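Below is one structure, written out as structure tokens; comments come after it.
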Amino acid sequence: MRVLVVEDEQLLADAVATGLRREAMAVDVVYDGAAAQERIDINDYDVVVLDRDLPIVHGDDVCRRIVELGLPTRVLMLTASGDVSDRVEGLELGADDYLPKPFAFSELTARVRALGRRTTTALPPVLERAGIRLDPGRREVFRDGREIQLAPKEFAVLEVLMRGEGTVVSAEQLLEKAWDENTDPFTNVVRVTVMTLRRKLGEPPVIVTVPGAGYRI
């Protein structure tokens, strides 16, 4: 899942991004509304965590732009105000969910995951395929009942492949969904991660390489 965090309180923004990365999400961070609009024009995001009171371009205008562009991106709006009228106004702008500050990080993560599931065809919270059971919320993976310990990027790649439901996922798509914008697009990090993931998942192999196209489970 790829997430954009837009928050002008830099310490909070960086803390949220770090926490989401530990949950195997690819996260970009910006600190004002103008930078957010630039990223939205360039990258495809599953979820935008959007502070409402932003400098340069207000969070309301960023939300309106996402709606106007017709993007499948879901918006979780943050605000220091807990007034019902503010929450209603934010939802009417096109936000999909609303979370007042201060918030528990566990709740933020749960809301981001729930919104991320709504960007594609509805899938169950726990994914199962080819003997693999992946629970994004608990960060757990089992194969034929045996728990498998994965690093965050390995988990993220496996989740993207599982959500593909047997379709081919290209290396470019994996790079876009599992890594942030600072990753060199010419790196072999996808191939290396898939190789490590195959080894950890064990025999018989469940990740199939489709020459010239990508990978599938």
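Predicted model, so just to flag it, every value in this text is computed and none were measured. Only this structure's heavy atoms are used, side chains among them; waters, hydrogens and symmetry mates stay out.
- The CE atom of Met25 sits 9.5 Å away from the CZ atom of Phe155 when rounded to the nearest 0.5 Å.
- Between Ile207 and Arg198 the shortest heavy-atom distance is O-NE, 3.0 Å.
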Legend entry - Candidate pair Gln10 and Val29, rule side chain to side chain contact (heavy atoms under 4.5 Å, CB included), full reasoning: CA-CA 9 Å; Gln10 294 193 18; Val29 185; over 6 Å; no
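- Side chains of Val75 and Asp96 form a contact here, defined as non-hydrogen atoms less than 4.5 Å apart.
- Heavy atoms from other residues, nucleotides or ligands lying under 6.0 Å from CD1 of Ile42 number more than 12.
- Between Leu76 and Leu108, the closest side-chain pair of non-hydrogen atoms falls below 4.5 Å.
- The shortest non-hydrogen separation linking Leu20 to Phe105 is N-CZ, 3.6 Å.
- At least one donor-acceptor pair under 3.5 Å links the side chain of Asp32 to the backbone N or O of Ala35.
- Between Leu78 and Leu12, the closest side-chain pair of non-hydrogen atoms is not below 4.5 Å.
- For the atom pair CD1 (Ile66) and CG (Asp61), the distance works out to 11.5 Å, reported to the nearest 0.5 Å.
- When atom types are taken as modelled, the side chain of Asp135 and the backbone of Val126 share no donor-acceptor pair closer than 3.5 angstrom.
- Annotation for Arg113: atom CZ counts as buried by contact number, over 12 foreign heavy atoms lying within 6.0 Å.
- Residue Arg64 qualifies as enclosed at atom CZ: its count of foreign heavy atoms under 6.0 Å is above 12.
- Going from atom CG of Leu134 over to atom CD of Glu128 covers 10.0 Å, rounded to the nearest 0.5 Å.
- Atoms CZ and CZ, from Arg133 and Arg146 in turn, are 15.5 Å apart once rounded to the nearest 0.5 Å.
- By the 4.5 Å heavy-atom criterion applied to side chains, Val141 and Lys200 are not counted as neighbours.
- Crowding of Arg138 atom CZ: a count of heavy atoms from other residues, nucleotides or ligands under 6.0 Å not exceeding 12.
- Relative to the ring axis of Tyr45, Arg39 does not place its NZ or CZ within 45° and under 6.0 Å from the centre.
- In the hydrophobic cluster analysis, where Ile, Leu, Val, Met, Phe, Trp and Tyr join through side-chain heavy atoms closer than 4.5 angstrom, Val48 is grouped together with Ile56.
- In this structure, Gly59 and Leu50 approach most closely via the heavy-atom pair O-CD2, 3.4 Å.
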Inset, instruction - Show your working on side chain to side chain contact (heavy atoms under 4.5 Å, CB included) between Leu161 and Leu174 and close with a plain yes or no. - result: CA-CA 8 Å; Leu161 292 173; Leu174 288 172; 4.3 Å; yes
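- The shortest heavy-atom contact between Leu93 and Val67 is O-CG2, 3.7 Å.
- Two residues are said to be in side-chain contact when any heavy atoms from C-beta on lie closer than 4.5 Å; Thr79 and Asp53 meet this criterion.
- The heavy-atom pair separating Glu23 from Thr109 by the smallest distance is CG-CG2, 3.9 Å.
- Between the side chain of Asp46 and the backbone N or O of Arg2, at least one donor-acceptor pair lies under 3.5 Å.
- Panel note: side chain Arg129, backbone Ile217; a donor-acceptor pair is recorded below 3.5 Å.
- Here Glu172 contributes atom CD and Glu176 contributes atom CD; the two are 10.0 Å apart, rounded to the nearest 0.5 Å.
- One hydrophobic cluster, built from ILVMFWY side chains closer than 4.5 Å, holds both Phe103 and Val3.
- Remark: Arg22 CZ to Arg139 CZ distance equals 11.5 Å, nearest 0.5 Å.
- Residues Leu4 and Asn43 fail the side-chain proximity criterion, which asks for heavy atoms closer than 4.5 Å.
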Legend entry - Steps toward side chain to side chain contact (heavy atoms under 4.5 Å, CB included) verdict (Leu197, Tyr215): CA-CA 12 Å; Leu197 185 55; Tyr215 309 91; over 6 Å; no
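- The two atoms that bring Gly166 and Arg216 nearest to each other are O-CD, 3.5 Å, heavy atoms only.
- By the rule that hydrophobic residues join a cluster once side-chain heavy atoms approach within less than 4.5 Å of another member, Leu69 and Val62 end up as members of one cluster.
- Put simply, the side chain of Glu7 gets close to the backbone of Glu9: a donor and an acceptor are under 3.5 Å apart.
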Legend entry - Test log, rule side chain to side chain contact (heavy atoms under 4.5 Å, CB included), inputs Asp51 and Val6: CA-CA 6 Å; Asp51 182 38; Val6 191; 5.8 Å; no
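- The shortest distance between side-chain heavy atoms of Arg65 and Leu71 does not fall below 4.5 Å.
- Side chains of Asp14 and Tyr31: a donor-acceptor N/O pair is present below 3.5 angstrom, by distance only.
- Residues Gln173 and Val160 fail the side-chain proximity criterion, which asks for heavy atoms closer than 4.5 Å.
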